[in-house]
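Structure first, commentary second.
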Amino acid sequence: MNTPKVFESEYRFCLILWEHEPVKTTELVTLCQEQLGWKPTTTYTVIKRLSERSILENNNKIVTSLVSKDQVQAAELNEMVEKTFEGSLPAFIAAFTKHQKISDAEIDAVQQMIDRYRKGESK
Amino acid sequence: MSGFFLSIVNMSISASWIVLAVLLLRLLLKKAPKWIAVLLWGIVAVRLICPFSIESVMSLIPSAETISPEIMMDATPEINSGIPILNNTINPVISESFAPDPVTSANPLQILIPILSIVWIIGIIGMLLYTVISYFKVKRKIGTAVLLRDSIFQSENAVSPFVLGIVKPKIYLPFNMNEQDMEHVIAHEQAHILRKDHWWKPLGFLILTLHWFNPLMWLGYLLLCRDIELACDEKVVKEFDNEQKADYSQALLTCSVNRRIIAACPLAFGEVGVKNRVKSVLNYKKPAFWIVVTAIVASIAVAVCFLTNPRTTIDDELSVFIDTQVADHHSDYKYSHSIDYDNFIAVSCKILEVDKSVDKTIVYLWAMYHEYSCENGVVKLETSAHIPTVITAKQEGKHGHYKLVEYWEPHDGELFESDIKGKFPIHLHYKALNSQLYDDEQRAFCENAAKEYYSVSQIGGGDSSNVQTFESTVSYANWSDDSKIYIEALNTDKMSIDSVQHLPIYKFDTLTELEQFKQSFGNTYTMDRGWDEVQSFNNVTAKYDNTFFEENSLVLVYVGAGNSTHRFKMQNVGYDDKSFYVHVVETTNAEFVDNAMAGWFVTVAVSDDLLKAVTSFDADLNNAIDMSLPKYEGDKVIDVPPTLVVVSNGQSIEALKGSSYWIHEETNGMRENVISDSGHPLMMKKSMPSIDILPAHYATIGDPLQAKIQFNAKGVTPVYEVPPDEIYIRCWEEKHWGQTNAKSENINPTIVNGNMFFDLKNGNYIYEVVATWSTQDKFSGTAQYSFYTLKSDANSNMD
């Protein structure tokens, strides 16, 4: 089995699961509501999504994990960050936001600005 | 829809001016706090969504209505940008390309504008759809966001921090931010929430949605977003020291390095222009007090100059022209009976709009015309008119004189409203149909002008022809068969003239004269006894002592009554330099009748000054029939044609009922049909009542030539007023008595507040009124009425 990949938020969910498993789905819903601020539907969605990826299994409303905390930690957490908003926007809106794209040169320039400011301040 | 679209376009165009002003001001106010810039965008927003705006002379908006709603109907479509050069360049092109095709006669804009409206609507729907879809998309992506604390969440789908939600805004942050950056970012986002930016920004986008066709608005929205971020940064770093500012800048930079593109979803907060922001954070200094003050003053100036529409102004040349036209039009109008005093004419024109095009100028206005006379220092309003008017003029050359093309006034009566609606542009209908809007203002103007002209401090209102108030009392006098009081009266020679009921009048210059009167009539009338609430003559006159008679006189009128339940009082006084006239009116219309005969003395205190040249005195009893009747209700049967009552100048008569055709419902539901035939009015002189036309100075109330007509259903309890559905009035000169084939002249009645009026001719005329009732369930029919007028010769008697 490949190293399972989970998102940060899913990892937070797994932390709760590992602590309480085996645990009833209803109980998980309550726990997630308290600790993650999730709506019940969100919890059910995540349970389903993770069981599809064989990270946990849901048997008769009892949830147990299929992977250990160590296994997940081994995988790089943020690798799978989706290009969330990119590409989903109509081009004409994107045109107005283009200038927000920041180039490396610009990053350097701004960084230098801050650094100079810090130095100037310490002088 | 086209109308709404055009008004949005007009708002957009006028708001464009303010966007330009704000752009300029932003540059000038670089040092000022950034929240002022946000405030300026608020002014733009108000202009963009607020259709009504106040007029002011300070307005810098060139034109509030660049594209008139009539452009679709116009033969030569034109715009009015308020900038002559622009108009002159654009209008020929517009007029040419959109001129109506002579064959199809349709102005192409009539087709084009509705199409554009639809495109506009589609655009709005598109933008709204985009907003809603992207909102739910984001909402779904951050469903798994994990609670950090309070209303702060973290999500791997949040590439950069933002605020989402209108009612309960939540802050969303990416994971893996370092502790220090995170605190700064949270501070920033919380500042957004405190500033209510999560309302202003979506509101701005909503307005942009309405004005999506205007590129300046896109620029405006973009800059608004920037200004909001800068204002927010400013709020956060206000209390920061230099190191904290550097840290904050670092956090800003870190956040923008991570992400590739902002959440352009308009409902969320993305970050804008990191370089600019860092710069302004690092350079932030508390703005000097004077800068803040200057900035606020500048903003207020922008608000005043751009939230108000240009006042409809007209140049002096045109203004004088309009006033002259109104004065000319009214002065030879119809009031030829005016006394030949040195009358003063005051004209007040309330300009509603000036429509200037290349070849003509149309001025929409409320014209008020007042003609005053002044006698013995008392200013009297002789005639007045207040009417919505449209004056079309042509200017000869660019700065030449104006020439009248058309002087337009609406017809009276039923046509009044439809005439105005046909002539005035739609946005002026309300103003043109509500005379009360400007009445006070214009009346005050005219009265002030008259006061100044005659250098007096008081002036009478339009309702009463007399300005001075006269102290008047009523006392009990009793009844007598003795005709002495009529014989010795000052007006004994006038007792039998006209159909007016004359009353004997006396005048006392001194206390002795008053005592002599008391002695002379002491045996005929009761001087020392009152009647119910009415005091005795002695009691009432006790206060008139020698001091009173030094500068005043007492005028006395006797009115005898068939029974003591009737009461009377002075109604009004009419006078000029030679004559003095007292009108007495009955105040009680008692249903209970006792048989005690009675009589009353009515006294009026008058200054000697006013009477110094008066040689003729007269008094009359205004026995006007009570006209305040309830309006007919639909369930009553009226079995005979109503009675026509004509009231003019304090007199009232029942017109002669002539031929009629009347159908009414019987109690058993059957219809009863009554036809009555009568001779031609010109053959009926003997049985026809007459009404006197009194000289102007006898006028009790308002215009002496105005007659009110009312149809009363007699024989029904209570008596109803039954307005007819149709009415025709015609008249003949008196020389045509007996000539049934003589030509008649038609007269149009006017209806004011449900009351019917028409203008009597100033002379001896025979009038016929034919009224038809056709819309009632319980009755219908047509009836003919007649009466005639006699021009009073009382004037010559008195002179």
Side-chain angles (χ1 to χ4, degrees), chain A residues 6-13 15-16 32-39 41-43 45-46 49-50 77-90 92-122, chain B residues 126 130 133-134 137-138 140-149 151-160 170 174-176 218-219 221-222 225 241-243 245-250 252-253 256-266 268 270-275 277-279 281-283:
Chain A
V6 293
F7 294 120
E8 178 76 34
S9 54
E10 291 163 350
Y11 175 70
R12 303 286 172 100
F13 167 84
L15 287 176
I16 296 171
C32 291
Q33 203 155 14
E34 281 166 10
Q35 297 180 26
L36 303 179
W38 284 6
K39 286 179 190 151
T41 46
T42 308
T43 310
T45 313
V46 171
R49 206 191 288 163
L50 294 185
L77 275 177
N78 275 305
E79 205 189 329
M80 274 184 60
V81 169
E82 275 182 75
K83 307 292 177 270
T84 316
F85 301 107
E86 201 178 10
S88 67
L89 299 169
F92 76 98
I93 289 290
F96 277 97
T97 56
K98 243 177 198 148
H99 67 282
Q100 302 309 332
K101 276 192 182 170
I102 188 161
S103 66
D104 290 344
E106 218 175 336
I107 294 171
D108 288 345
V110 175
Q111 190 60 57
Q112 273 170 25
M113 206 157 75
I114 298 171
D115 292 343
R116 266 204 309 277
Y117 183 81
R118 282 188 201 276
K119 268 184 216 152
E121 166 224 325
S122 57
Chain B
Y130 161 71
I133 290 171
S134 59
K137 229 170 177 175
V138 172
R140 193 165 53 86
K141 295 275 188 193
I142 57 169
T144 56
V146 171
L147 183 68
L148 181 66
R149 60 178 147 94
S151 53
I152 305 164
F153 289 80
Q154 280 181 302
S155 168
E156 65 274 353
N157 287 332
V159 240
S160 69
K170 292 178 178 129
F175 287 110
N176 72 6
W218 285 92
L219 179 62
Y221 179 70
L222 187 71
C225 294
D241 60 29
N242 286 354
E243 196 187 331
K245 279 193 220 162
D247 292 344
Y248 184 80
S249 305
Q250 191 68 59
L252 287 182
L253 181 62
S256 41
V257 171
N258 271 344
R259 72 155 186 279
R260 308 272 302 273
I261 189 166
I262 62 148
C265 169
E271 312 295 301
V272 184
V274 72
K275 193 168 174 184
R277 289 178 58 190
V278 166
K279 227 187 230 165
V281 165
L282 296 180
N283 292 335

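Remember, it's a predicted structure, so these values are computed and weren't measured experimentally. Chain identifiers are assigned alphabetically (A, B, ...) following the order of the sequence lines, protein sequences preceding nucleic acid strands; residue numbering begins at 1 within each chain.
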Does Arg12(A) form a side-chain contact (heavy atoms from CB on, under 4.5 Å) with Thr144(B)? I'd like the steps, not just the answer. CA-CA 10 Å; Arg12(A) 303 286 172 100; Thr144(B) 56; over 6 Å; no
Shortest non-hydrogen pair, Ile114(A) vs Leu282(B), comes out as CA-CD1, 4.3 Å
Counting only heavy atoms closer than 4.5 Å, note whether Gln111(A) contacts chain B via side chain, backbone, both or neither.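 The answer is both parts of Gln111(A).
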Counting only heavy atoms closer than 4.5 Å, note whether Glu34(A) contacts chain B via side chain, backbone, both or neither.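 Glu34(A) touches chain B through backbone heavy atoms alone.
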Tell me if the NZ atom of Lys170(B) is crowded by more than 12 foreign heavy atoms within 6.0 Å. no
Any Trp38(A) side-chain heavy atom under 4.5 Å of Val146(B) side chain: yes
What pairs with Leu147(B) under side-chain contact (heavy atoms from CB on, under 4.5 Å), at least two apart in sequence or on another chain?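 Per chain and number, Leu147(B) pairs via side-chain contact (heavy atoms from CB on, under 4.5 Å) with Phe153(B).
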The reported gap from OG1 in Thr42(A) to CD1 in Ile142(B) (rounded to nearest 0.5 angstrom) is 10.0 Å
